[in-house]
Every structure is written in structure tokens, then in C-alpha cells.
S.K.: 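Please read through the structure below; I'll follow up with questions.
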Amino acid sequence: MEKSKVFLETKEIVKKFGEVTALDHVSFQVRRGEIQGLIGENGSGKSTVSSIIFGMLAPTSGSMALEGKTYRPKSPLEARANHISMIVQEKDTIDMLSVAENIFLGEEASFGKGGFVNTAKMNEAARMALNIILAVKNRQNI
Ligand SMILES: Nc1ncnc2c1ncn2[C@@H]1O[C@H](COP(=O)(O)OP(=O)(O)OP(=O)(O)O)[C@@H](O)[C@H]1O
Ligand SMILES: [Mg+2]
């Protein structure tokens, strides 16, 4: 199968927290329709690189590209406007919210009108998103 276009690319990202170098020239590419796993021991920098992609942290140096264009989000809002979302580790999800509400946090307005959220519509969208992930996962045998 022909490889799809690169969607997101990190180039030589370095992140220092004072004396600690959390990321030391991290470069990788994610293609359209691809699911990639980022595996590493505790403290290896998975959350740090994810937070940079999601605009929560700024890199010390290095750059990113989204569909070939420079991507430098200054906030999660800017990341979301570029179709980048982050589903955080369990301790950071909101207990009192449903799975669907956690997935669509900040996007409630697209599921209703006048301050009311159409829960059924939101649940259906979450189900579809999770089914797509499952289908891709099964196809890739991961
Ligand atoms: N806000 C911060 N201030 C100082 N150091 C930090 C900060 N955030 C992360 N670090 C350090 O950066 C390194 C990478 O941490 P990070 O949380 O990205 O790892 P991780 O791979 O997500 O770990 P885990 O598997 O525990 O979630 C660690 O050495 C961590 O202590
Ligand atoms: Mg982490």
C-alpha cells in the first residue's frame, strides 16, 4: 500500500526543565490514518512531547510541522483549531464526566444549542471515534 502523506512531524525537539533535559532531539513523523505508539519508561518524556504537540508546553528548541507547514501552537485551543487533541492519562481525566464528555471537553457547543448538550449525539460521536480507533487497531494487528 502506498504510504499516506505526513500529517505531523517533530524535528529535533529539545525540552529542558532547568537542569533536566526531558527531550533530547526528538524527531518523528505521523502519517494520515496511522496510529503510532510512544513507549518508554516513567519519566522518559512521553507526556512532555505530547504536551508540546498539544500547545501546553513550548519546546526549548526544535520545531514541528503540520501537513508541511510550520506548527507552533501557543495553547491547547490553537492545537484543537488544528485538529490536534490530547486524551490525558487517567489521573487527569475528570471523574464526574462520562467518557464522551472527557473526549469532547471544550467542544460541547457542537452537540447542542442554547447551552443544552445533546448527550445522545455526543455519545454517538464518541462511539464512532472509538470504533474508528478500534478498526484501525484491528487492521494493523496491534
Ligand atoms: N513541569 C516539570 N518540571 C520539571 N521537570 C519536569 C516537568 N515535567 C516533566 N519533567 C521531567 O521531565 C522528564 C520527562 O517527564 P514526562 O512526564 O514527560 O515522562 P513520561 O514519559 O510521561 O512519564 P510517565 O510514564 O511517568 O507518565 C522527567 O525527568 C520529569 O521529571
Ligand atoms: Mg506521562
Side-chain angles (χ1 to χ4, degrees), residues 1-112 115-142:
M1 200 171 73
E2 201 189 322
K3 277 198 164 178
S4 58
K5 272 180 28 190
V6 173
F7 177 68
L8 174 81
E9 183 172 12
T10 71
K11 302 176 203 175
E12 306 278 332
I13 292 194
V14 172
K15 179 66 182 177
K16 294 184 193 245
F17 293 105
E19 295 287 293
V20 177
T21 300
L23 301 177
D24 186 10
H25 297 89
V26 173
S27 302
F28 66 89
Q29 297 181 333
V30 183
R31 293 172 183 278
R32 275 195 168 273
E34 184 179 55
I35 294 180
Q36 275 198 31
L38 194 56
I39 300 170
E41 61 189 36
N42 296 137
S44 58
K46 305 178 296 291
S47 293
T48 302
V49 74
S50 306
S51 300
I52 289 172
I53 295 169
F54 192 47
M56 284 196 309
L57 289 174
T60 304
S61 65
S63 63
M64 293 185 285
L66 199 62
E67 304 209 285
K69 294 194 197 94
T70 302
Y71 170 65
R72 206 181 295 134
K74 285 186 276 308
S75 68
L77 269 183
E78 199 178 323
R80 289 191 88 131
N82 283 286
H83 310 291
I84 300 285
S85 284
M86 179 161 156
I87 297 173
V88 293
Q89 275 167 280
E90 203 176 333
K91 65 180 162 66
D92 293 329
T93 55
I94 303 174
D95 270 354
M96 54 196 285
L97 299 185
S98 68
V99 171
E101 286 165 340
N102 268 291
I103 292 175
F104 293 112
L105 202 60
E107 285 179 27
E108 295 83 357
S110 51
F111 296 100
F116 289 96
V117 173
N118 183 336
T119 309
K121 199 171 155 193
M122 185 190 264
N123 288 344
E124 184 52 31
R127 198 170 290 122
M128 276 171 64
L130 294 172
N131 277 335
I132 290 169
I133 292 172
L134 206 63
V136 174
K137 191 174 154 219
N138 287 339
R139 208 185 61 197
Q140 295 184 340
N141 258 329
I142 52 175

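For ligands, and for the atoms within them, numbers begin at 1 and follow the listed sequence.
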S.K.: Taking Lys46 for its side chain and Leu38 for its backbone only, find out whether a donor-acceptor pair lies under 3.5 Å.
M.R.: no

S.K.: Give the atom numbers and elements of ligand 1 that come within less than 4.0 Å of a heavy atom of Ser47.
M.R.: 17 (O), 18 (O), 20 (P), 22 (O), 27 (O)

S.K.: Who's closest to atom 18 (O) of ligand 1 heavy-atom-wise, of Thr48, Asn42, Thr21, Val20?
M.R.: Thr48

S.K.: Can you check whether Arg31 reaches Gln36 side chain to side chain, under 4.5 Å on heavy atoms?
M.R.: no

S.K.: Listing request: all side-chain hydrogen bond (donor to acceptor under 3.5 Å, both in side chains) pairs with a residue in residues 59-79, at least two apart in sequence or in separate chains.
M.R.: Arg32-Glu67

S.K.: Below 2.8 Å, any N, O or S contact between Ser47 and the Mg ion (ligand 2)?
M.R.: yes

S.K.: Just distances here: any N/O of Gly43 and N/O of ligand 1 closer than 3.5 Å?
M.R.: yes

S.K.: Side-chain contact test, heavy atoms from C-beta onward, threshold under 4.5 Å: evaluate it for Ile52 versus Met64 and give yes or no.
M.R.: yes

S.K.: State, yes or no, whether a side-chain contact exists between Ile84 and Leu66 at a heavy-atom distance under 4.5 Å.
M.R.: yes

S.K.: Which atoms from ligand 1 have a heavy atom of Glu41 less than 4.0 Å away?
M.R.: 21 (O)

S.K.: Near Gly45, which atoms of ligand 1 are under 4.0 Å from a heavy atom of that residue?
M.R.: 14 (C), 16 (P), 18 (O), 19 (O), 20 (P), 21 (O)

S.K.: Please enumerate all residues that pass ring pair (Phe, Tyr, Trp, His ring centres under 6.0 Å) together with Phe104, with sequence neighbours excluded.
M.R.: Phe111

S.K.: Could you tell me if any non-hydrogen atom of Ser44 lies under 4.0 Å from any atom of ligand 1?
M.R.: yes

